[in-house]
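See below for the structure under consideration.
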Amino acid sequence: MIRLIYNNKAFKILNDFGFTQSNNEVTFNDVTIDFTGYTLADMPLKYQEVQIKQCDKGQDILTEGDVLFFGYVDNIKLGKMQMSQE
């Protein structure tokens with residue numbers, strides 16, 4: 001199981017994540033997370049620390065597992081949002 005972790009919350013990653021390396025830089029693609037059940041107050045802020053972690057079934061991903069990526073939020077792109085009663 002692979003999840004994006006920030007602010008002691010674990011989010012399901014909806015797309016594949018990856019990176020490319022050259023001699024002078026590492027470039028990462030955008031990561032899309034499932035934000036169902038959370039509010040705008042739970043959105044990460046710019047420069048907030050995030051981790052992408054992998055763990056086995058039955059482990060607590062917040063405290064256990066392997067860190068695959070460690071970085072900081074650059075920007076946030078909001079998709080289409082609806083009110084809960086629409």
Side-chain angles (χ1 to χ4, degrees):
M1 166 171 60
I2 298 175
R3 297 287 187 257
L4 182 125
I5 310 293
Y6 75 88
N7 209 18
N8 287 326
K9 295 178 178 84
F11 295 89
K12 182 179 177 183
I13 298 175
L14 298 177
N15 63 341
D16 292 332
F17 63 92
F19 60 91
T20 52
Q21 272 179 247
S22 68
N23 289 338
N24 57 355
E25 76 176 352
V26 177
T27 305
F28 298 90
N29 66 339
D30 291 341
V31 176
T32 304
I33 62 172
D34 184 2
F35 210 69
T36 304
Y38 293 94
T39 66
L40 287 176
D42 295 323
M43 295 289 285
L45 304 173
K46 188 169 184 168
Y47 304 123
Q48 187 170 11
E49 176 187 313
V50 295
Q51 296 179 355
I52 295 178
K53 293 178 81 174
Q54 179 176 15
C55 74
D56 296 328
K57 198 172 189 175
Q59 287 182 314
D60 181 16
I61 196 147
L62 297 175
T63 58
E64 301 177 73
D66 299 322
V67 176
L68 303 176
F69 169 77
F70 175 90
Y72 299 91
V73 174
D74 182 33
N75 63 25
I76 298 169
K77 297 176 190 173
L78 296 175
K80 182 180 176 185
M81 298 180 74
Q82 295 179 334
M83 300 299 284
S84 60
Q85 296 170 340
E86 290 181 331

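Model, not experiment: these values are computed from the prediction. As a basis for the values below, the full set of heavy atoms in this structure was taken, side chains included, without hydrogen atoms, waters or symmetry mates.
- To the nearest 0.5 Å, atoms OG1 (T32) and CD1 (I13) are separated by 9.5 Å.
- Taking hydrophobic clusters as Ile, Leu, Val, Met, Phe, Trp and Tyr residues chained together by side-chain heavy-atom distances below 4.5 Å, M1 does not share a cluster with L4.
- Contact detail for E64 and C55: the closest heavy-atom pair is O-CB, 4.4 Å.
- Counting only residues at least two apart or in different chains, salt bridge (Lys or Arg N to Asp or Glu O under 4.0 Å) contacts with residues 12-21 are absent.
- When the side chains of ILVMFWY residues are joined at heavy-atom separations under 4.5 Å, either directly or via intervening members, Y38 and V50 end up in a single hydrophobic cluster.
- The ring pair (Phe, Tyr, Trp, His ring centres under 6.0 Å) check on Y6 picks up F11, with sequence neighbours excluded.
- Under the 3.5 Å distance criterion, the side-chain polar atoms of D66 are left unmatched by any main-chain donor or acceptor of Q54.
- Screening residues 28-51 for salt bridge (Lys or Arg N to Asp or Glu O under 4.0 Å), with sequence neighbours left out, gives K9-D42, D30-K77.
- Around atom CG of N75, more than 12 heavy atoms belonging to other residues, nucleotides or ligands sit under 6.0 Å away.
- In this structure, V31 is not a member of the same hydrophobic cluster as V67, with clusters built from ILVMFWY side-chain heavy atoms closer than 4.5 Å.
- Evaluation of the side chain to side chain contact (heavy atoms under 4.5 Å, CB included) rule for N8 yields no partner, not counting sequence neighbours.
- Among residues two or more places apart in sequence or in another chain, the side-chain hydrogen bond (donor to acceptor under 3.5 Å, both in side chains) test is passed with D60 by T63.
- Taken from CD in Q51 to CG in L62, the straight-line distance is 9.5 Å, to the nearest 0.5 Å.
- Between I5 and I52 the shortest side-chain heavy-atom distance does not fall below 4.5 Å.
- I61 approaches K53 most closely through the heavy-atom pair O-NZ, 3.1 Å.
- Residues forming a side chain to side chain contact (heavy atoms under 4.5 Å, CB included) with I76 (at least two apart in sequence, or on another chain): M43, P44, V73, L78.
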